[in-house]
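Remember, it's a predicted structure, so these values are computed and weren't measured experimentally. Hydrogens, waters and symmetry mates play no part in the numbers below; they use all other heavy atoms, side chains included. Counting starts at 1 for both ligands and their atoms, in listed order.
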Amino acid sequence: MKKEILGVNFDDLTREEAAQAGAALLEEDRFHYVVTPNPEFILAAEKDREFLQVLNGADLVLADGIGVVYSAKIQGTPLKGRVPGIEFATDMLRVLDGMGGRLYLLGSKPGVAEEAGRRITEQHPNIVLCGTQDGYFKDEEASLLKVAAARPDLLFVCLGAPKQEKWMARWGRHTGARLAIGLGGALDVFAGKVERAPESWQKLGLEWAYRLKKEPQRAGRMARLPLVLVKAAGKRFKK
Ligand code: UDP
């Protein structure tokens, strides 16, 4: 079931349910894409109609941040919980490993996707790493041709939002992949360049605070996030 939060239609799923839905998409022989919006996406989509359409056109829209879960609650349409993109991606790697499928990693700085791929295939020996490409290409069509030539089943697109979502909506069906997922900085995590918050912080819903502690330069970007909560409250009172 979809729940609308400030214009974005989220799938109301637990992590396990999202993994089951993702596995079904990966088994079906046609292109699908998954987005993992956080509050920054919601604010950006308010001002960018194409981005909003691309988000709502996805096969799965997963609530990536605790801010989305709070907004949903404040708005009076609570979600079952959050499904961080990195956890959904980890679940899809497990499914791909079971299929002996092909993985392509697109995005991040030069060298990062290769290192992420090395670590992923070490843990999932049945996955075929069919290609990698950094996310600083000039020509979108040329980036697509490289991906398509590698014939992936599963594609991680990690170019930051909204670039990655627009790339998937525009080019995804020409890649031949069954499933593409927009995953922001996930390759940096898979490559061991960036740490995720310890589980204790994650359980308290404080992953954002840990990230701010590690990357204080994000403060400016994050300062606008409470605005999503205020807007959600506004929407509830309007009802
Ligand atoms: N990135 C990229 N190409 C670009 C801009 C960004 O590949 O043109 C990468 C960047 O190196 C980083 C990821 O996209 O790995 C975006 O990370 P960010 O922290 O913005 O995303 P978040 O995890 O917050 O969604």
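Between Arg118 and Glu122 there is a salt bridge, since at least one side-chain N of the basic residue sits less than 4.0 Å from a carboxylate O of the acidic one. With salt bridges taken as basic N to acidic carboxylate O contacts below 4.0 Å, one links Glu195 and Lys214. Taking a cutoff of 4.0 Å between a charged side-chain nitrogen and a carboxylate oxygen, Asp12 and Lys3 qualify as a salt bridge.
A cation-pi arrangement, defined by a distance under 6.0 Å to the six-membered ring centre and an angle within 45 degrees of its axis, is absent between Lys166 and Tyr33.
Contact detail for Gly85 and Asp64: the closest heavy-atom pair is N-OD1, 2.7 Å.
Contact residues of ligand 1 (protein heavy atom closer than 4.0 angstrom to a ligand atom; sorted by chain and number): Gly107, Ser108, Lys109, Gly135, Tyr136, Cys158, Leu159, Gly160, Lys163, Gly184, Gly185, Asp188, Arg211, Arg218, Arg221.
Crowding of Trp208 atom CH2: a count of heavy atoms from other residues, nucleotides or ligands under 6.0 Å not exceeding 12.
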